[in-house]
Amino acid sequence: MDLSRLNPEQREAVTTPKGPLLVLAGAGSGKTRVIVYRIAWLLAQGARPDSVLAVTFTNKAAQEMKARLLRLAGRPAEELWVSTFHALGAEVARKDLFRLGWPRRFAVADAGDQLCLVRRLLRAVSVDDRALDARRVVAAISRAKNAGVAPQPDAAQEGDDYQRVAGEVFPHYQRALRAQGAVDFDDLILLPLQLFREHPEVLARWRRRFQTLLVDEFQDTNAPQLQFVQALAGDRRDVCVVGDDDQCIYSWRGAEVRNILDFQAHFPGTREVVLGRNYRSAPAVLAAASAVISAVPERRPKVLVADRPPGVPVQLVVLPSEGDEADWVARGVERRLQEGIPADEMAILYRTNGQSRPLEESLSARGLPFEVLGGTEFFQQREVKDVLAYLKVLANPLDEVSLLRIINVPARGIGDATMERLLAHARREGLGVQQTLDRAAAVEGLAPGAAARVEAFSALVARMRARLRAEPMGQVARSLLVDIGFAEDTRAGSRDAGVAQARLRSVEGVLASLEAYQARAAGKADLISWLNRLSLDAREEEQSAERGRVALMTLHAAKGLEFRVVFLVGLEEGLLPHAGMLGEAPNLDEERRLAYVGFTRARDELILTRAATRLRRGREVPRTPSRFLQDLPVDSVVFLDLTLPSPPQAGPGQPSVFARLREQFRAAGPEEPPSA
DNA sequence: TGCAATATCATTTTT
DNA sequence: TGATATTGCA
């Protein structure tokens, strides 16, 4: 085992004997390297590869880690279990969830399913759903579940309507999920925990299976995830966790920085190693990043020591509009490509997914190779959702949410009135929706024509399910879409032939992914596992496949990655830091950590941009520079103002740093101070 | 019931 | 602005 490429701290972390170990690793200090080497070292010490479990936060990180392990440790690494919390939870659930009353093949409800379900329940509970944002109800339910508390209807907190509504809907929500044989994302952690509690033999089995645990990005774990780790670790307590409190960016999802800061308390006797030498970033990048993060009050102060020769300074550029911003970034990408920097060594990062569009347009216009990572747009297209709903219905007869979605898509004469009667009948008779459909003729008050259409639909579904048992599922899916005239309907429904084409291409993408899975899984491919995989691990193919492209992604998605050149766009108030949801104060410290994560992705060059105006709801709105820019160290940053000259308006109460920026702008040429 | 015109209204991050 | 919900009409 060659440890010569590690520094003393890294070596200590890698070779610390078994037992609880906390590695506090600053950005770029070789965190992943330490985990990978430690695993290799454990194997060299005689650990069985299949007894080692490494947990990461995202699938991207898991794949990356696995690849590095294969390079370092060779064949044995194939047996290692590298997984995300949720994928691991799904695996535990898959084996034993039936003990808690779920069907053996349960489905994972994704965000869209949750939303539809909650909407339906809100209506059923007859809370006036108009005034309520179902998404916030979903969020409130999730928050309460992860806090380990059922949402309380008797709101002690009168202030929060959503908490009250969530409390009211929650029991129905849980019941409905289970009735559909489904679990949500939170359940993928919570239900295994319940299994562990109520069926000790299940826990014992998994403890026997995994002798050694390693967890990356531990600062982003929430309470149930910590419990999960504790449960698996047992008395053996051979747990190594790695993380950086400065990079905790998921507190909105219940992440507890305290999990890492109080690790000692959870695992007494923990050895601790601090990695503070930064191998990744040029000093100017590091200086900017440190300046921004050090304004966070509650953090473990740490100094990242740069280990590289000075590079180019960080650039901060102001442009007139978001279109100009995108163009300027695209030009920058083009220039660097010409200079020989590979496309996949560059990334464009932003706070929100919506910001990718102008960038995509500008890059396309120049014919530059890029890839948007992790965008949700694909799965939000109506056609994609419809097709997936069809497949879900085929896979899971209990999935009523999906059934209701597609029963009249394409329009087949089953309208609201018919559905009302069917659902009322089902409720009265205590029947499932599916059963009711099969015998629609028996439903009173239903026009014979309508009943016939319903039964025809029901027969279609039954026919497809039957074919699924004998034929490859990709083939069945295709023939289903032909049968229902999906393509024609899509074409008819969109004015523009090009748009229809694009939509059908998306659907083709879904089918292709299904067929790829089928080919990979050979004989034992089934629809439910594919769908669950899709929810757990969306877009896996694209992610690893695309090389040689500039990556576009959110700051959250960028965590754990690094690039030679990073463009971070939209450094404006309301965007970074984000304005948060109406009524809810944004967590400024978290936004700051997010900026820090973005900055520290850059190895050689960091380019920050902002636009003086941005289109918002079609209106051009003036923008204020991000407050984080005030903290940039002037001697590590060059400022560039590319807005059109206009009379400077010195607003009162401008922070003093803007005065300094203004000085620089004057010196640099055409000027325009950041507008207030 | 289905379609098209009109009104409304949005505004994070993700497993 | 552009996506979705709702309404009004055939």
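Scope of the values below: all heavy atoms of this structure, side chains included, with no hydrogens, waters or symmetry mates. Below, read A as the first sequence line, B as the second, and so on, with proteins coming before strands; counting in each chain starts at 1.
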| query | Salt bridge or not for A:D245 and A:R593, using N-O below 4.0 Å? | reply | no

| said: I want to check one thing: is the phosphate of B:dT15, taken as OP1 and OP2, less than 4.0 Å away from some side-chain N or O of A:S535? | reply: no

| query | Counting any heavy atom closer than 4.0 Å, what does A:A417 reach on the DNA or RNA strands: base, sugar-phosphate only, or nothing? | reply | sugar-phosphate

| field | Pair A:E591 + A:R351, salt bridge at N-O below 4.0 Å | value | yes

| Among B:dG2, B:dT15, B:dT14, which nucleotide sits nearest the side chain of A:F185? | B:dT15

| query | Do A:R94 and A:E91 meet the salt-bridge criterion of a basic N to acidic O distance under 4.0 Å? | reply | yes

| Expressed in angstrom and rounded to an integer, what is the separation of A:L552 atom CG from B:dT13 atom P? | 14 Å

| For A:Q114 and A:R453, take the nucleotide of DNA chain B holding the closest heavy atom to each; which residue's nucleotide lies nearer the 5' end? | A:R453

| query | Nearest to the side chain of A:A557, which nucleotide is it out of B:dT14, B:dA10, B:dT13? | reply | B:dT14

| Is the ring centre of A:H578 under 5.5 Å from the base ring centre of B:dT12, and are the two planes under 30° apart, so that they stack? | yes

| said: Are A:P577 and A:R627 packed together at the side-chain level, in the sense that at least one heavy-atom pair is separated by less than 4.5 angstrom? | reply: yes

| query | Can you find a side chain N or O atom of A:T554 that sits less than 4.0 Å from OP1 or OP2 on B:dT14? | reply | yes

| task | Report yes if a donor N or O on one partner sits less than 3.5 Å from an acceptor N or O on the other, where the partners are the side chain of A:R253 and the base of B:dT13; otherwise report no. | result | no

| remark: Atom CZ of A:F85 and atom C1' of B:dT14 are separated, to the nearest Å, by 15 Å

| Salt bridge between A:E572 and A:R610, side-chain N to carboxylate O under 4.0 Å? | no

| For A:N353 and B:dT12, is the shortest distance between a side-chain N/O and OP1 or OP2 below 4.0 Å? | no

| said: Please determine whether a side-chain nitrogen or oxygen atom of A:N146 lies at a distance below 4.0 Å from atom OP1 or OP2 of B:dT15. | reply: no

| query | Can you tell me how far P in B:dT13 sits from the matching atom in C:dT4, rounded to whole Å? | reply | 16 Å

| query | What integer distance in Å separates A:R357:CZ from C:dA3:C1'? | reply | 10 Å

| said: With a 6.0 Å cut-off on the ring centroids, do A:F57 and A:Y250 count as close? | reply: yes

| request: Ignoring the backbone of A:T418, work out which of B:dT1, B:dT14, B:dT15 is nearest its side chain. | output: B:dT1

| message | Please report the distance, rounded to the nearest Å, between CD in A:Q225 and C1' in B:dT14. | response | 12 Å

| said: How many whole angstroms separate atom CD of A:E217 from atom P of B:dT14? | reply: 15 Å

| query | In whole Å, what is the span from the CE atom of A:M553 to the C1' atom of B:dT14? | reply | 15 Å

| said: When you measure from the side-chain N and O atoms of A:N408 to the phosphate of B:dG2, is any distance below 4.0 Å, counting only OP1 and OP2? | reply: yes

| Does the ring of A:Y250 lie flat against the base of B:dT14, closer than 5.5 Å centre to centre with planes under 30°? | no

| Counting any heavy atom closer than 4.0 Å, what does A:R135 reach on the DNA or RNA strands: base, sugar-phosphate only, or nothing? | sugar-phosphate

| query | To the nearest Å, how far apart are A:L534 CG and B:dT14 P? | reply | 16 Å

| remark: To the nearest angstrom, the CD1-P distance between A:I414 and B:dG2 comes to 9 Å

| query | Across the strands shown, which category fits A:R412 at heavy-atom distances under 4.0 angstrom: base, sugar-phosphate, nothing? | reply | sugar-phosphate

